[in-house]
Amino acid sequence: MKTFKLVIAGGGSTYTPGIVKSLLVQKDRFKLNELVLYDNNAERQEAVGVIVRHVVEMFDPELKLTLTTDPEVAMTDADFIFAQMRVGLYAMREQDEKIPLKYGVVGQETCGPGGLAYGLRTIYPMVELIDYCEKYAKPTYWIVNYSNPAAIVAKATFRLRPKARILNICDMPVAIERNMAEILECDRHDLEVDYFGLNHFGWFTKVRLNGEDVTEKLKSYVAEHGYMPQNAKSDVLHSDPSWLHTYANAKNICSAFHDYLPNTYMQYYLLGDEVVKSSDPNHTRANEVMEGREKRIFDAVADYRAGKDVDLTKFFGGVHGEFIVDVAMSLAFDLRKRYLVMVENNGAVENLPSDAMVEIPAYITDRGPEPVRVGEIPTFYKGLIEQQEAVEKLIVDAAVEHSYEKALMAFTLSKTVPSLLVAKKILDDMIVANKAYWPELH
Ligand code: G6P
Ligand code: MN
């Protein structure tokens, strides 16, 4: 049986134990010969590694587990690299969220100015990761990337390293499908969706349950309740109050525009004023995560180190880990499964630019994604996407050209920002906050 060397880049992430669990439960079909945790933060990775060691012991005790900060050790002969880096950690996410809110603008990790700031931090570290893979990994390597902001990462890496074997993915649509399945009282694997958009900026156009069209049924449900199932099963992921608010908010979009079912992230663009009003500028999602998911992990590490028992199941994050493993298995074994992924548009959506990185269904083969044709999309959606796509293009230009003016254009063009003057204030504050991370802008 073929075995694989798999690297998790961003090994110190709070998501690592969940991903490792999802990997190892597949060991009879997708057998690893080595699992590597790779991070530039040795201390954080050692801590998360304490949990991961226990997960390995639980599911595949024979497996070789390596923790390293050395890219050559990590990538040499690697088959798969799961990327989930968070440049600047949650402390910088907090800045991304709080600086815009100071000016009454949406403060979010991947949408609006916060997403642009995070993009400027992440573009070059992702390019560096690709270069390490090109240098050390097997020529058939695949990077499966969760690192955010995935829309900007996808755009930048395609522009700067067009030949890289990187597939950018996001678990949000799958998480929404999980909720759809709970609403319909079915298994999420029995759903098949049609979808178009950019990452964190898209719409489900059709949902089929074992072939039966259930789109209208879902639309009327979501217009009333959002993506909140009546009898929600508990899930460790996306169960905090802010997530419940996000899922519920879809009703305000769905009850107004009847064509499609929105991605939850559309709230930041279409309901920005409501989102700002319900945000606390002194306590944002980054604080919730630091006090919740991140604290739970490091508390558990301390418990292990003190010789206490820990309930590992609270770190097994459901769809997030399952999805990246599903995609990797389809790449590894040419399963041709149909998933939503980010690909170069190349005519798939006829009336969008061909170099846009769109999120659409694709069949995942061992040569990469084979996207489906979407056809033409209506004016409202086209207008929204073109604006957002231009924002993302401009921020990549800003990074490549070191251009302050292009960055200011990106901030000004974002639908979340009311004027050039506000854009400039936010950008100037962000330049100061991101001094250690951004390319210099002139
Ligand atoms: C979803 C998105 C991810 C994002 C995450 C944030 O899963 O697809 O791209 O990073 O939400 O969740 P958090 O719990 O950190 O706010
Ligand atoms: Mn995502």
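Whatever order the structure lists ligands and atoms in, that order sets their numbers, starting from 1. It should be emphasised that the depicted structure is a prediction, and the values quoted were computed from it without experimental measurement.
Checking F196, Y260, Y265 one by one against W203, the ring-ring contact (aromatic ring centres under 6.0 Å, His included) holds for a single residue, F196.
The cationic atom of R293 (NZ for Lys, CZ for Arg) lies less than 6.0 Å from the six-membered ring centre of Y15 and within 45° of the ring axis.
Using a 4.0 Å cut-off between heavy atoms, R93 contacts ligand 1 through its side chain alone, with no backbone atom that close. Only the side chain of Y265 comes within 4.0 Å of ligand 1, judged by heavy-atom distances. Neither the backbone nor the side chain of E288 comes within 4.0 Å of ligand 1, counting heavy atoms alone. For R285, every heavy-atom contact with ligand 1 shorter than 4.0 Å involves the side chain, none the backbone. Only side-chain heavy atoms of Y15 come within less than 4.0 Å of ligand 1; its backbone N, CA, C and O stay farther off. The proximity of W243 to ligand 1, defined as any non-hydrogen pair under 4.0 Å, is limited to the side chain.
Close approach of ligand 1 to E109 is summarised as follows: ligand atoms under 4.0 Å from at least one heavy atom of the residue are 4 (C), 6 (C), 10 (O). Interface of N148 with ligand 1, defined as ligand atoms under 4.0 Å from a residue heavy atom, comprises 3 (C), 4 (C), 9 (O), 10 (O). Those atoms of ligand 1 with a heavy atom of M172 less than 4.0 angstrom away are 1 (C), 8 (O). Atoms of ligand 1 lying under 4.0 Å from any heavy atom of R293, numbered from 1 in the order shown and given with element: 13 (P), 14 (O), 15 (O).
Using a 30° and 60° split on the angle between ring planes, F257 and F380 fall in the tilted class, from 30° to 60°.
Atom NZ of K27 has more than 12 neighbouring heavy atoms from other residues, nucleotides or ligands inside a 6.0 Å radius. Applying the 6.0 Å contact sphere to CZ of R29 captures no more than 12 heavy atoms from other residues, nucleotides or ligands.
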Kindly indicate, with the supporting measurements, whether the criterion salt bridge (Lys or Arg N to Asp or Glu O under 4.0 Å) is fulfilled by R285 and D96. CA-CA 11 Å; R285 179 65 190 152; D96 295 342; over 6 Å; no
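Not close to ligand 1: H320, with no non-hydrogen atom less than 4.0 angstrom away. Using a 4.0 Å heavy-atom cutoff, C170 is listed among the residues neighbouring ligand 1.
For H245 and E274, the side-chain atoms include at least one donor-acceptor pair closer than 3.5 Å.
Between F333 and F4, the distance separating the two ring centers is shorter than 6.0 angstrom.
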